[in-house]
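These numbers come from a predicted model, not from an experiment. Lettering follows sequence order; numbering is per chain, from 1.
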Amino acid sequence: MRGGSVLGQLVSACGLLFAVVLFNFVVLHLAPGDVAETLTSATGGATKEILDQVRHLYGLDQPLHVQFLAYLSRLLHGDLGTSAYFNAPVAGLILDRLFPTALLVGTALVLAIVLGAMLGIVAARRPGGIVNSLVSVLSLVGYSAPVFWTGILVLLAFASWLPLFPAQGMVDPRLSGGPIARVIDVLHHLVLPAVTLASVYLAQYSRLARTSMLDALGADYIRTARAKGLGEHTVVYKHALRNAILPIVTVAGVQVSHLLAGAVLVETVFGWPGMGRLAYESILRRDAPLMLGILFCTALLVIVVNMATDLLYRAIDPRIRTQ
Amino acid sequence: MTVRSQGPQSPLAEAWAIFRRNRPALLGLALLVLIVAMTLVGPTLYGVDPLDIVSAPLLPPGDADAPLGTDYLGRDLLAGIISGGRASLAVGLSAALLTMGLGVTVGALAGFYGGWIDRLLMRTTEFFQVLPPLILAMTIVLLFRPSLATVAVSIGLVSWPTPARLTRAEFLRIRELDYVRAARAMGARNRRIIWRLILPNAAPPLIVAATLTIGAAILFEGGLSFLGLGDSNAVSWGLIMGMNRPYIFEAWWATTFPGIVLFATVLAVSLIGDGLNDALNPRQRER
Amino acid sequence: MTPPTAPLLQVDGLSVEYVLPATRAFGHKRVMRAVDEVSFSVARGTSFGIVGESGSGKSTTAAAIMRLVAIASGRILFDGERLDALGGEALRRFRRRLQIVLQDPYSSLNPRARVAEIIREPLDIQEIGTRGERRARTDELLALVGLRPEAGRAFPHQFSGGQRQRIGIARALATNPELVVCDEPVSALDVAIQAQVLNLLKRLQRERGLTFVFISHDLGVVHYMCDQVGVMYLGRLVEIAPAKRLFSRPLHPYTKALLAARPSIHARDRVSKAAGAIAIGDPPSPTEIRSGCRFAGRCSAAQAICRREAPLLEPKDEQHEVACHFATP
Amino acid sequence: MTAPVLAVEGVTVERQARSGSVRILRDLAFTVQPGETVALVGESGCGKSMTALAIMGLLPPRIRVAAGSIRLDGEDLARADARTLNRIRGDRISMIFQDPMTALNPVFTVGEQIAEVLRVHRGLSPANALARALDLLKAVDISDPAHRLRQYPHELSGGMRQRVMIAMAVACEPRLLIADEPTTALDVTVQAQVFELLRDLKRRLGMALILITHDMGAVAELADRAVVMYAGRAVEYAPVEELIRAPCHPYTQGLIGCIPDMESGDANAELTEIPGMVPDLAAIGPGCAFADRCGLADAACRAELPPVMERAPGHRVACWKA
């Protein structure tokens, strides 16, 4: 699955990106109805003049391949089109929302991996213990609970009955304070959505960590390590963990796209001003250019993150590095 | 595969014997039967139209007219939950069928024939793994008008690569096994090798995957409806939750109750999936 | 002396190639010759053994004879017919005349089929006999390999390794083949069980006049089973001789090294091993073959010519062929 | 006679199961003298590898030494705590395994893995340990040792990996090395090299060796004395030459007779078969476990377990009919 040179990875990443662009283009043209109407439906029925203007702007009267090349060239110049509802460039709208989403998804991912790995390791070391049962229940519940429902329960519990955290948004607009106070305020807002989003992946990673740790602990090289007279701590945390971490990195990389998708629901529930919330808004307004722009940008994000995990994997697995 | 009653235990009989002793899995099965029964016969037994306004809005549970309370328009929540199951389950089930059908077919072709078919599939799954599934489905539903069919198709479209990869891996593994080589040496045709040798032996993980896919599709449908992208004419659990979301602090029941049923349904399916996994893949049972 | 007959199987310049994935992003695909210009013939009713270590190409040769891998070049004549030229339905029908017994008693039987179905499978595939006849034949085959008729209703996982190998042998004999290719049939079994299976194979050969191509890494097994033996090293046959002759008077340095390396219960009686007889180093990877004799890098007798020119397999006398520039008894 | 390096006495190992415990080793006793090679030989499932793991204190979960003692230079390993065992393992006693492909940790270099032993047991600094690891790689005849030191296991061939395992095992010049089927996964020409290396190291370091194998040929090549095991019990103890020349136990006789051997002349003679198969350990009756497969067995054999009896000096057998 993995392997090949870094250059090869880069080439295939560009290929994927091109496929995403092509997909966007095709889907837009396959959609029922006139393309210009689809693009402008967010304005609530455009006049004939506006439709003509859009047709001209996007070159919709041109042959398809010319349209595609034009589309491609606009993308290369950072032009993702214009949001019909906001009447603003899509690229700018998305860029404004990038940081909140990255903060939310990043925090959730780190939380899920660190906690999940810890639980999984403890569970693997004591197959009959409480933590092991906890991991089993947690993974089952985490997998089965709809994340938007979890979010609502969390809101009801920790923003309403026990009002420890703010219910909506990322910053308190009434706040007046220095930068440190602002950071604290953002973190305060971050707790509930991040925990909610992490809960799903915590379930998965704890189970995965347990499986891979059990695999590693049962491997022949662990018996070798014990036969060398190494202490239990060295055996578990040096010899086993270094191997058990590999599948977690792989899965974390693959799941970034799922995490971004989950962020749509979580951001909607918590009013978090990220790309997911923007996607929700674009659906409410039937804003096709914005939605397509978001699809493109999230795909780009996933590709970048995947390449980063690939590099990380190379760094920690010598079998890939020295092939 | 036929299971005769006499003679030593077949792998299938053995699997059922293991499953029967798995209490969580049986619990899941019972729960699922209950929920399916509720959606099938519930609307006739509880004859309240889920779209009728029966009482004051946001009435708390325990009311004589609406046992589970009312939503923001004053519609009976219980009636909504009972009827909502139909859309959720129908979409979940048909999307899962589509996912598995597409995934298994493509995966089997790629795994069995290899070559360019395989390379094409691998590229395609890579492509779909790059697109965040929910955002992709949102785009499709937005552009193609929401309906139960659009929702089911879009879920199937974004989910098939997972079973396809699994099927491909199983086919790649099994086609190199000695009993398949032996069958080739006997002159077996590809059709026989695929249907009689590889598919039955690849079935256990695929059955488990199919179960999990149903759960995932139900969740997915819930998410789309919650965002208002479901079929607005068909009541579904996700739709009720999405519409009542602005009133969670005033009426916790209107979002919590449908959520519980949705959760219970997926939980039941997951429990059955876990049970099937233990029963069909005995080697991993110790886990 | 047996009267000379036309060979049942004749392999002539057989080569099999594998394409390896490129090591670099835009690098060239590399071709590996797993079997390189292999020629030998097997007389009807005899056993031809192929010995060699891992990577020698012995199992690939077996697969090529069974037409399970693509042949790059060369001819395979079976009873005078061009087996290598057959295809489609003709090849399919032809397969009843040759069968294979595989190494792994665990993966060679379909875990989801009952033993009777497994043994009957070749008859079903080749559409031989009526249902009743196939059933009778199955019982007959079970008895032939020393299993009770009730075994037919059981599933493979209910049997031990040795019994499973018996089932595999019964399956191979279902269509009454003339040639049976045995690919390491006993190497996964414990010695005591190995003897049971070897004796069974030998008895079956005697009773039914079977012809065997017998692949093994174990010199003792080949010596016990075979009339004629070929030694393979990195895809090439380096020596062919009657079994007794090969083991008593080997000519190729590699054969000598193999014999010297084999642990024997008579080690104590043997004069201490000549140091030069043990091959030096590890066998090189089949993907990195250089010109010249393939054994040159590990051979203590290698000269300059060995690294330059690959020796051909040439007859030293009527019975003995060897591929070495300096072959000495 | 000098004091033995290892004295195994009355060792019984049990596996805990829901349905009760199963004895997988029964009343095992043997000694290993300094510098001596003792082979444990038998078919799979006879308990030979379990014996090695019991000596090393590496028994898998739910398997434990229920009775007996395992004394290394007088110190009982069966009763030692984890800390003591860690001090001894890899230092005074070490072990190599069957599959060199999986026995080395794939994510550390060869050098790191060898150096680790020296750092733990000898307290060497990382640099000194690595320098010593280089010497060890030279000692096990690995080509280009300085380069190999920085390589990962997957970059080495099977034979080289087993050499690395050996280098690691002898790093602290142990009193006893246990080799569990050390060449089963290797080609025969490489096997001969590994045997040669083991013989050479034994001579140089004066260590004792326990060779665990299913191959009588390997026993004859390498061992001084052999213990033949069947279904968790030692059925015959003898010096190797005597064992091969005049085996007493019917099982040993069968084991030697069933080897296709080209030096014993007549290839047309059928191989001796041991009929049937190894019994299920949980279902062994009160008598001799081999009785069901033995041509000589009678009612007495099935009724009562034959004790280990001395046939000749150093040659002991557990059989009523021997």
Side-chain angles (χ1 to χ4, degrees), chain C residues 51-56 159-163 186 189-200 202-203 216-227 243-244 246-248 254 257-270 273 275 277-285 298, chain D residues 41-46 141 143 156-161 163 183 185-193 195-196 213-223 240-241 243-245 251 254-278 293:
Chain C
V51 281
E53 298 177 281
S54 49
S56 65
F159 295 90
S160 68
Q163 288 169 323
V186 294
L189 306 176
D190 270 320
V191 272
I193 307 300
Q194 182 175 316
Q196 294 173 7
V197 173
L198 290 177
N199 282 341
L200 172 69
K202 216 165 178 177
R203 196 192 80 217
S216 181
H217 69 279
D218 187 329
L219 298 167
V221 168
V222 169
H223 178 256
Y224 175 68
M225 288 298 298
C226 301
D227 306 292
K244 282 207 176 89
L246 185 84
F247 291 117
S248 57
Y254 177 61
L258 271 182
L259 281 165
R262 179 174 188 269
S264 158
I265 52 171
H266 303 291
R268 307 284 161 132
D269 311 339
R270 216 191 273 167
K273 282 175 186 165
I278 294 185
I280 321 151
D282 285 351
S285 158
R298 300 177 71 198
Chain D
V41 60
E43 293 174 90
S44 43
C46 73
D141 290 333
S143 59
L156 308 183
S157 68
M160 273 199 272
R161 287 190 221 185
R163 284 175 194 268
T183 58
L186 304 177
D187 274 324
V188 61
T189 51
V190 180
Q191 165 171 302
Q193 297 166 4
F195 281 171
E196 197 55 55
T213 182
H214 66 279
D215 184 352
M216 274 292 179
V219 174
E221 293 276 347
L222 223 53
V240 168
E241 273 160 74
L243 187 83
I244 286 165
R245 201 183 58 242
Y251 178 64
L255 215 50
I256 291 172
C258 69
I259 305 169
D261 193 273
M262 44 224 192
E263 278 144 50
S264 53
D266 195 4
N268 292 325
E270 284 223 331
L271 298 173
T272 318
E273 283 184 25
I274 304 175
M277 51 190 181
V278 179
R293 301 174 75 187

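In this structure, chain C has no heavy atom under 4.5 Å from any part of S143(D). Residue R245(D): no heavy atom, backbone or side chain, is found under 4.5 Å from chain C.
Options E196(D), M160(D), Q193(D), R293(D) differ in how many heavy-atom pairs under 4.5 Å they form with chain C, and the most are formed by Q193(D).
Among all heavy-atom pairs drawn from P263(C) and A218(D), the shortest one is CB-N, 3.7 Å. Residue A192(C) comes nearest to I274(D) through the heavy atom pair CB-CD1, 3.6 Å, listed as atom of the first residue, atom of the second, then distance.
Side chain of E273(D) to main chain of N199(C): no donor-acceptor pair is present (N/O by atom type, distance under 3.5 Å, no hydrogens or angles). Side-chain atoms of Q196(C) come within 3.5 Å of backbone N or O of G276(D) as a donor-acceptor pair. No donor-acceptor pair under 3.5 Å is formed between the side chain of Q191(D) and the backbone N or O of R262(C).
Between M277(D) atom CE and D190(C) atom CG the span is 12.0 Å, to the nearest 0.5 Å. We find the CD1-CD1 distance between I265(C) and I259(D) to be 5.0 Å, quoted to the nearest 0.5 Å.
Looking at heavy atoms from C-beta onward, P260(D) lies in side-chain contact with Q194(C) at the 4.5 angstrom threshold. For the pair L271(D)/K202(C), no side-chain contact is recorded, criterion being any heavy-atom separation below 4.5 Å from C-beta on.
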